[in-house]
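Have a look at the structure below before the remarks.
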Amino acid sequence: MVNAEELHITYGAKQCGLEFEWYKFQVTEKDIYVLSQCVADLPRLRILKVHRCRITDEMCEDLWSTLTYYVPLEELHFNHCALGDVSAIEIATIVIAENNLTHLDLTDNQIGTVGAQEIASSLLHPKCRLIYLSLKLNEIQDGGAREIALSLEKNTTLVQLCLAGCSFGPATFVQFGETLKVNSTLQAVDLSNNTIDMVRNKMNRSPEKSLAPSSVLWP
């Protein structure tokens, strides 16, 4: 195990039988503490994926501290968990730490506007190496999505972005249209399942012309 480079974890219970109780399917703070110690003892871990666990901000203090100083890290995936703004702020610190983080996937958590704004700020930092970012199915709303769009006017590393189902509206689409006119790095942008309404025609004027090759997904 000491030479492991990739770790996938889902916390749950097996073979509950007649003694089934919902609490047996819940991850605990102790579980995440053990995970943080495990990561610290793996000198070559490049990819960490934690799936479908009700991990909350309160559980993760030790884990974020470990990852902030963990140099080998390249990909961090926390999909379908329960992380909120507090964790997003800590993760934004990890993005600009002394590591090799290039992929950040936080699909389907509870991150809001504040957390998204912190991640947007990290995209402007000279130490940011991200080429892939997903905040899909987080209610970051216009305040968070717009800050990400503004950051991408200056960011030169990000290649793929997914903000599908993030509860933002027409004004943010307009801002992304402006961003895509000046950003020549992005190759794939997914903004589907948000509200575009009356600006659809305006966005169809092909703001993506500055991207070649690229794909831009509108609702």
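Throughout, numbering of the chain's residues begins at 1 and tracks the sequence.
- N194 contributes a side-chain N or O that, together with a main-chain N or O of C166, makes up a donor-acceptor pair within less than 3.5 Å.
- When ring centroids are compared, H51 and H8 come within the 6.0 Å threshold.
- Listed for the D190 side chain is no donor-acceptor partner under 3.5 Å among the backbone atoms of L163.
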Test log, rule salt bridge (Lys or Arg N to Asp or Glu O under 4.0 Å), inputs E153 and K181: CA-CA 9 Å; E153 291 186 356; K181 293 177 183 178; over 6 Å; no
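- Between F168 and F173, the ring planes are tilted. Angles from 30° to 60° get that label.
- No more than 12 heavy atoms of other residues, nucleotides or ligands lie within 6.0 Å of CD in E139, so this atom counts as exposed by the packing criterion.
- Annotation: side-chain contact (heavy atoms from CB on, under 4.5 Å) contacts of D57 (sequence neighbours excluded): L83, V86, S87.
- At least one donor-acceptor pair under 3.5 Å links the side chain of D85 to the backbone N or O of G112.
- Without hydrogens or angle criteria, T102 side chain to E74 main chain gives a donor-acceptor distance under 3.5 Å.
- With rounding to the nearest 0.5 angstrom, the CG atom of L76 is 9.0 Å from the CG atom of D105.
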Trace of the salt bridge (Lys or Arg N to Asp or Glu O under 4.0 Å) decision for R46 with E5: CA-CA 5 Å; R46 298 183 301 105; E5 295 187 2; 3.1 Å; yes
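- For H80, there are no ring-ring contact (aromatic ring centres under 6.0 Å, His included) partners at least two apart in sequence or on another chain.
- A donor-acceptor pair is defined here as one N or O able to donate and one able to accept, closer than 3.5 Å; no such pair exists between the side chain of T157 and the backbone of I131.
- Taking every heavy atom of both residues into account, V2 and P43 meet most closely at O-CD, 3.3 Å.
- For the atom pair OG1 of T93 and CG of L67, the computed distance is 12.0 Å after rounding to the nearest 0.5 Å.
- With 3.5 Å as the limit, one finds no donor-acceptor pair spanning the side chains of T156 and T185.
- Side chains of D31 and T28: a donor on one and an acceptor on the other come within 3.5 Å.
- Q175 and E147 share no side-chain donor-acceptor pair at under 3.5 Å.
- Between F78 and W64, the ring centre distance stays below 6.0 Å.
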